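See below for the structure under consideration.
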Amino acid sequence: VQLQAFGGGLVQAGGSLRLSCAPSGRTFSTYAMGWFRQAQGKEREFVAAVNWNVGTTYYTDFVKGRFTISRDRAKNTVYLQMNSLKPEDTAIYYCAARRTYSRPNPNYAYDSVSYYDYWGQGTEVTVSS
(Lines give C-alpha, C1' and ligand atoms only; values in the text may rest on other atoms or scores of the structure.)
Protein backbone atom coordinates (compact mmCIF):
# COMPACT_ATOMS: atom_id res chain seq x y z
CA VAL A 1 0.00 0.00 0.00
CA GLN A 2 1.28 3.45 -0.90
CA LEU A 3 -0.19 6.81 -0.13
CA GLN A 4 0.23 9.42 -2.83
CA ALA A 5 0.26 13.00 -1.61
CA PHE A 6 -0.06 15.96 -3.96
CA GLY A 7 -0.57 19.69 -3.89
CA GLY A 8 2.52 21.13 -2.26
CA GLY A 9 4.33 24.12 -3.67
CA LEU A 10 5.62 27.62 -3.10
CA VAL A 11 3.16 30.22 -1.89
CA GLN A 12 3.38 33.68 -0.35
CA ALA A 13 2.36 34.29 3.22
CA GLY A 14 -1.39 34.66 3.45
CA GLY A 15 -1.94 32.38 0.49
CA SER A 16 -3.63 28.99 0.24
CA LEU A 17 -2.82 25.48 -0.86
CA ARG A 18 -4.85 22.31 -1.02
CA LEU A 19 -3.17 19.00 -0.40
CA SER A 20 -4.68 15.69 -1.39
CA CYS A 21 -3.77 12.11 -0.60
CA ALA A 22 -5.07 8.76 -1.74
CA PRO A 23 -3.86 5.20 -1.30
CA SER A 24 -2.75 3.06 -4.20
CA GLY A 25 -2.06 -0.61 -4.43
CA ARG A 26 -3.79 -3.06 -2.14
CA THR A 27 -7.03 -1.70 -0.75
CA PHE A 28 -7.79 -1.68 2.93
CA SER A 29 -10.55 -0.61 5.25
CA THR A 30 -9.72 2.86 6.53
CA TYR A 31 -10.38 3.92 10.09
CA ALA A 32 -8.69 7.29 10.05
CA MET A 33 -6.39 9.44 7.98
CA GLY A 34 -4.17 12.21 9.12
CA TRP A 35 -1.70 14.86 8.06
CA PHE A 36 1.62 15.47 9.72
CA ARG A 37 4.45 17.80 8.84
CA GLN A 38 8.16 17.93 9.37
CA ALA A 39 10.18 21.09 9.12
CA GLN A 40 13.90 20.95 8.52
CA GLY A 41 15.73 19.96 11.67
CA LYS A 42 12.54 19.24 13.60
CA GLU A 43 10.51 16.19 14.50
CA ARG A 44 7.42 15.18 12.61
CA GLU A 45 4.36 16.79 14.17
CA PHE A 46 0.64 16.25 13.98
CA VAL A 47 -1.47 18.66 11.94
CA ALA A 48 -4.96 17.20 11.49
CA ALA A 49 -6.87 13.93 11.32
CA VAL A 50 -10.30 12.68 10.33
CA ASN A 51 -12.29 9.63 11.35
CA TRP A 52 -13.11 7.98 8.04
CA ASN A 53 -16.63 6.76 8.80
CA VAL A 54 -17.99 9.35 11.22
CA GLY A 55 -16.12 12.34 9.84
CA THR A 56 -14.98 13.69 13.17
CA THR A 57 -12.00 15.98 12.72
CA TYR A 58 -9.06 16.83 14.95
CA TYR A 59 -6.57 19.67 14.69
CA THR A 60 -3.50 20.84 16.43
CA ASP A 61 -3.87 24.27 17.95
CA PHE A 62 -1.58 26.12 15.58
CA VAL A 63 -3.71 25.34 12.52
CA LYS A 64 -7.20 25.69 13.96
CA GLY A 65 -9.20 28.20 12.00
CA ARG A 66 -6.75 28.12 9.10
CA PHE A 67 -6.60 24.49 7.94
CA THR A 68 -9.49 22.16 7.14
CA ILE A 69 -9.23 18.41 6.73
CA SER A 70 -11.91 16.62 4.75
CA ARG A 71 -12.41 13.30 3.06
CA ASP A 72 -14.18 11.97 -0.01
CA ARG A 73 -15.09 8.40 0.78
CA ALA A 74 -16.14 7.66 -2.79
CA LYS A 75 -12.70 8.69 -4.07
CA ASN A 76 -10.93 7.34 -1.00
CA THR A 77 -9.10 10.64 -0.78
CA VAL A 78 -8.25 12.95 2.09
CA TYR A 79 -7.68 16.68 1.65
CA LEU A 80 -6.03 19.41 3.64
CA GLN A 81 -7.15 22.92 2.73
CA MET A 82 -4.58 25.35 4.07
CA ASN A 83 -5.49 29.03 4.23
CA SER A 84 -3.73 32.05 5.70
CA LEU A 85 -0.42 30.27 5.37
CA LYS A 86 2.51 31.51 7.41
CA PRO A 87 6.25 31.07 6.87
CA GLU A 88 6.31 28.77 9.91
CA ASP A 89 4.01 26.39 8.02
CA THR A 90 6.93 25.59 5.73
CA ALA A 91 7.57 21.84 5.93
CA ILE A 92 7.17 18.55 4.18
CA TYR A 93 3.60 17.39 4.70
CA TYR A 94 2.88 13.70 5.06
CA CYS A 95 -0.42 11.90 4.94
CA ALA A 96 -1.02 8.77 6.97
CA ALA A 97 -3.69 6.12 7.25
CA ARG A 98 -4.83 3.78 9.96
CA ARG A 99 -6.59 0.53 9.13
CA THR A 100 -9.88 -0.39 10.68
CA TYR A 101 -8.44 -3.59 12.12
CA SER A 102 -5.17 -2.27 13.46
CA ARG A 103 -4.24 -3.58 16.87
CA PRO A 104 -5.51 -1.09 19.45
CA ASN A 105 -2.92 0.52 21.66
CA PRO A 106 -4.05 2.89 24.41
CA ASN A 107 -0.68 4.62 24.31
CA TYR A 108 -1.30 6.07 20.86
CA ALA A 109 -4.03 8.32 19.55
CA TYR A 110 -4.78 10.11 16.29
CA ASP A 111 -2.09 12.71 16.94
CA SER A 112 0.67 10.14 17.29
CA VAL A 113 2.94 8.95 14.51
CA SER A 114 2.70 5.39 15.86
CA TYR A 115 -1.10 5.39 15.50
CA TYR A 116 -0.89 5.04 11.72
CA ASP A 117 -0.09 2.04 9.55
CA TYR A 118 0.75 3.62 6.22
CA TRP A 119 2.54 6.80 5.20
CA GLY A 120 2.86 8.83 2.04
CA GLN A 121 6.09 10.09 0.55
CA GLY A 122 5.46 13.70 1.54
CA THR A 123 4.79 16.86 -0.39
CA GLU A 124 6.79 20.01 0.21
CA VAL A 125 5.13 23.26 1.21
CA THR A 126 7.15 26.46 1.24
CA VAL A 127 5.65 29.71 2.44
CA SER A 128 7.62 32.85 1.67
CA SER A 129 7.38 36.00 3.75
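On a predicted model such as this, the values are computed, not experimentally measured, just so you know.
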Student check: side-chain heavy atoms of Val78 and Val50 closer than 4.5 Å: yes
Heavy-atom side-chain contact between Asp111 and Tyr58 under 4.5 Å: no
Considering residues at least two apart in sequence or located in another chain, which fulfil the side-chain hydrogen bond (donor to acceptor under 3.5 Å, both in side chains) criterion with [X]?
| X | answer |
| --- | --- |
| Arg37 | Glu45, Asp89, Tyr93 |
| Lys64 | Asp61 |
| Tyr118 | Arg26 |
| Thr100 | Ser29 |

Backbone N or O of [Y] within a donor-acceptor pair of the [X] side chain at under 3.5 Å?
| X | Y | result |
| --- | --- | --- |
| Thr90 | Val127 | yes |
| Arg66 | Ser84 | yes |
| Thr30 | Ala32 | no |

Considering all heavy atoms, the nearest Thr77-Trp52 contact: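 That would be O-CH2, 3.5 Å.
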Ile69 versus Tyr59, closest heavy-atom pair with distance: N-OH, 2.8 Å
Distance (rounded to the nearest 0.5 Å) between Ser129 OG and Glu88 CD: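 The distance works out to 10.0 Å.
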Asp72: partners by salt bridge (charged side-chain N to carboxylate O under 4.0 Å, His left out), with sequence neighbours left out: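 Checked Asp72 against salt bridge (charged side-chain N to carboxylate O under 4.0 Å, His left out); zero matches.
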Tyr79 reachable from Val63 in the ILVMFWY side-chain graph, under 4.5 Å edges: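 Val63 and Tyr79: separate clusters.
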Same cluster (ILVMFWY, side-chain, under 4.5 Å), Met33 and Phe67: yes
Among Phe46, Tyr94, Tyr110, Tyr115, ring pair (Phe, Tyr, Trp, His ring centres under 6.0 Å) partner for Phe36: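 Of the listed options, the one satisfying the test is Phe46.
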Compile the donor-acceptor pairs under 3.5 Å between side chains in residues 1-23 and protein atoms, sequence neighbours left out, one pair per line.
residue, atom, partner, partner atom, Å
Gln2, OE1, Gln4, NE2, 3.4
Ser16, OG, Asn83, OD1, 2.9

Heavy atoms of other groups near Tyr31 OH, more than 12 under 6.0 Å: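 Atom OH in Tyr31 is not crowded, with 12 or fewer foreign heavy atoms closer than 6.0 Å.
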More than 12 heavy atoms from other groups under 6.0 Å of OH on Tyr108: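 Counting other residues, nucleotides and ligands, OH of Tyr108 stays at 12 neighbours or fewer.
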Lys NZ or Arg CZ of Arg44 over Trp119 ring: under 6.0 Å, within 45°: yes
Any side-chain donor near an acceptor of the partner, Arg71 and Asn76, under 3.5 Å: no
Asp117 and Arg99: CA distance, side-chain angles, deciding distance, salt bridge (charged side-chain N to carboxylate O under 4.0 Å, His left out) verdict: CA-CA 7 Å; Asp117 301 297; Arg99 298 171 302 178; 3.5 Å; yes
